[in-house]
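Values reported hereafter were calculated over all heavy atoms of this structure, with side chains retained and with hydrogens, waters and symmetry mates removed.
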Amino acid sequence: MTTSDTATHTQPFQAEVSELLHLMVHSVYSETDIFLRELVSNASDACDKLRYEAIANPALLGEGDALKIRIIPSKATGTLTIADNGIGMERQELIDHLGTIARSGTKAFVSKLKEAKDGLGLIGQFGVGFYSAFMVADKIVVISRRAGESDVWTWTSSGGSGFEIARASDDEAARVQRGTEIVLHLKDDAKKYLETYEIERIVHAYSDNILFPIELVPEEGEARQINSASALWQRSKSELSTEDYKKAYQQIASAFDDPAMTLHYRAEGRYSYAVLLFAPSTKPFDLFEPNRKGRVKLYVRRVFITDDADLLPGYLRFIRGVVDSEDLPLNISREMLQNNPQLAQIRKAVATRVVNELESLAEKDVENFAKIWDAFGAVLKEGIYEDFERREKLLALSRFTTTSGEKRALKDVIADFKPNQTEIYYLVGESIERLKSSPRLEAAAARGIEVLLLSDPVDAFWTSMPTEFEGKPLKSLSQGDLNLDLIPRVDDKDEAKKDEPAADEAATIAVIKAALGERVSDVKASTRLTSSASCLVADSQGPSRELERILAQQNRGMRTKPILEINLRHPMVTAISRSQAGSKTVDDLSLLLLEQAQILDGELPEDPAAFAARLNRLVLQGLGG
């Protein structure tokens, strides 16, 4: 061991940790109870890790006390101690785990925490619960000895710019034979947490289902266990109340909301396992992290194995809970997790059960299903793109904003089909507001056809594949040819326009093509437009314009040239047909048809300055200037 390892060492916090600590030290949150829940949860994780490592190396557990967590209040010193005899930390682990946040999205998390009214919930979700202790403590001392090691280290901080690492004193080393002891020097306004009834209240509310005994060690009297320390998922549903499930969810998911769906069952047969899963009612912070990691914990015979087993497909990553197998080996490795046939069967069966439960909820409890859809609908729709086996079920679960209303199911859309309608029509774009004003809706609106308005980024992906529901194909209004002639109109206001003279199709298209050159791939007469002059569409064989836009933003593809569709009865188009080919007016009007279509799609004209000059010329020309 080097001199630098044994000497007291002061080190600054990572910048994001400093900012987070500033929020905690100067906390305006009133619900400070979270700190104890988070520290107990961390202690439980440490016990879980030791139990798992001891499967391969039993000597780590030794012959000492059973794994447990102890809470020790001391009014004499004004300290509250949370101790565990779990895995413990060596010197570098103390620096890494308590001085940095080794996780993507940290800056965004801290920024969101500043703004969030429910910031305490975010703390637990992001896994930085240790720092919440600075809401109640003006100094924290952490003493830790890693299992199997002889060295004991202390980490000390007052929540300022840094922390101090030093070798533990003889007394501290004698006290911590294995695991971690966290000593909180409580602020004056946090001394209530030294009262035993306060500690019991918080543990009962948030940590009752921690699998390890939580002992309260009062200043006077005997230590006593204050949690049930039972695997709630192994108990019968008939023994449990809604409140029991709520507490279990909040403890397992580090959440403060109520679960919108609870799924608890035991599978018996070829494989035996218990399942306790929850769907949150609010969106967690890390829902759209690139790794799309799930949060369902895998246990084997009540022994925690990992929360990284990918027990559910990515589009169900919002589900929280536990799967506890009776058959898997305790020493299952990460490689075995990926290839184990038993686990593959469990994954498939549990995913099917979750989707079926969501179906049942959608039918029987519309209010709670609406909470799930509002928070996770965009994630569930990823499954339409990824999971061919369950695509029809996921389409049935999906709720859409349409031209007729909100949260519309596809079965409802089909029930309201117009005479001779055989397809489900949709439009994909950046926002519902922009889609509602899209000229591509005009022909459908004239016939009273309900159109799905799709504005989630994932919509551009799942609609890129041939998709149908109950035998009815889904058809884009912004891609390929469109023929609605067999569907009768319900809006007669455009009928009179049929009698208006239309521009000569071939001649007008030739003139506009010549003016636009390589800016578009083609110019066509539109069957989509009834009142607007023009719109842009994509070819039926390629990607949609919205998918191209998303991929271009990610530098994953080039945008192709669009097709310009024109309304041959619109005054701008008939004006072009009456003007001399190649004239400045024809060029200006042709470019304006393209540019206004781009603006309606939320795009800038290729040359905004030229567009402004062109528009000014045409306005002055119209005014006789």
Side-chain angles (χ1 to χ4, degrees), residues 4-43 46 71-84 88-102 106 109-110 113-114 119-120 123-124 126-145 152-169 171-173 175-176 179-194 198-199:
S4 61
D5 283 341
T6 60
T8 298
H9 174 67
T10 301
Q11 184 166 320
F13 284 116
Q14 178 192 30
E16 288 83 5
V17 174
S18 291
E19 196 169 356
L20 181 61
L21 283 177
H22 180 78
L23 289 173
M24 296 298 102
V25 172
H26 303 282
S27 173
V28 295
Y29 303 128
S30 58
E31 296 294 330
T32 51
D33 293 355
I34 184 179
F35 86 92
L36 189 54
R37 184 194 76 172
E38 294 300 313
L39 295 184
V40 168
S41 178
N42 290 349
I71 301 175
I72 310 163
S74 172
K75 292 181 180 178
T77 59
T79 60
L80 181 66
T81 300
I82 296 89
D84 67 73
M89 289 176 279
E90 55 193 14
R91 181 179 184 275
Q92 191 59 46
E93 287 175 317
L94 282 167
I95 294 171
D96 292 343
H97 296 335
L98 304 185
T100 62
I101 304 174
T106 304
F109 163 73
V110 173
L113 186 60
K114 288 180 180 178
L120 295 178
I123 292 167
F126 201 72
V128 292
F130 169 78
Y131 303 110
S132 64
F134 281 102
M135 292 190 294
V136 298
D138 49 27
K139 179 183 176 183
I140 297 178
V141 179
V142 179
I143 307 157
S144 196
R145 184 201 300 260
V152 186
W153 299 96
T154 65
W155 178 101
T156 306
S157 177
S158 297
S161 59
F163 56 91
E164 192 177 87
I165 290 281
R167 181 175 288 281
S169 68
D171 287 345
E172 290 167 335
R175 197 166 66 238
V176 181
T180 300
E181 179 182 280
I182 300 173
V183 183
L184 309 181
H185 293 260
L186 296 178
K187 299 176 182 178
D188 288 339
D189 60 359
K191 294 295 173 63
K192 68 177 182 178
Y193 294 112
L194 297 176
E198 278 290 312
I199 295 169

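- Among all heavy-atom pairs drawn from Val176 and Gly179, the shortest one is CG1-O, 3.5 Å.
- Side-chain contact between Leu80 and Ile199 is present, with at least one heavy-atom pair separated by less than 4.5 Å.
- No donor-acceptor pair under 3.5 Å is formed between the side chain of Arg145 and the backbone N or O of Gly88.
- Separating the CG atom in Leu39 from the CD1 atom in Ile34 is a distance of 10.0 Å, to the nearest 0.5 Å.
- The distance from atom CD of Glu90 to atom CD1 of Ile95, rounded to the nearest 0.5 Å, is 10.5 Å.
- Under the rule for a side chain to side chain contact (heavy atoms under 4.5 Å, CB included), the partners of Lys139 that lie at least two apart in sequence or sit in another chain are Val141, Thr156, Ser158, His185.
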TODO: Quick one: do Ile82 and Leu184 satisfy side-chain contact (heavy atoms from CB on, under 4.5 Å)? Show the steps, please.
DONE: CA-CA 8 Å; Ile82 296 89; Leu184 309 181; 4.2 Å; yes
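- Counting heavy atoms from C-beta on, the side chains of Val40 and Ile71 come closer than 4.5 Å.
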TODO: Take Phe130 and Glu38 through the test side-chain contact (heavy atoms from CB on, under 4.5 Å) and record every step on the way to the result.
DONE: CA-CA 6 Å; Phe130 169 78; Glu38 294 300 313; over 6 Å; no
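- Considering every non-hydrogen atom in both Ser157 and Phe163, the closest pair reads CB-CB, 3.9 Å.
- With sequence neighbours excluded, the residues forming a side chain to side chain contact (heavy atoms under 4.5 Å, CB included) with Ala168 are Ile143, Val152, Thr154, Glu172, listed by chain and number.
- Here Leu94 pairs with Met89, Leu98, Val142, Ser144, Trp153, Trp155, Ile165 under the side chain to side chain contact (heavy atoms under 4.5 Å, CB included) rule; sequence neighbours left out.
- A distance of 9.5 Å separates CZ in Arg167 from CZ in Arg91, rounded to the nearest 0.5 Å.
- Between the CG atom in Asn42 and the OG1 atom in Thr180 there is a gap of 9.5 Å [rounded to 0.5 Å].
- Across all non-hydrogen atoms, the minimal contact from Gly78 to Leu194 is CA-CD1, 4.0 Å.
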Task: Derivation and outcome, side-chain contact (heavy atoms from CB on, under 4.5 Å), residues Leu36 and Glu198 - done: CA-CA 11 Å; Leu36 189 54; Glu198 278 290 312; over 6 Å; no
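- Leu186 CG to Thr77 OG1: the interatomic distance, rounded to the nearest 0.5 Å, is 9.0 Å.
- When every heavy atom of Asp138 is checked against every heavy atom of Lys187, the shortest pair comes out as N-CG, 3.8 Å.
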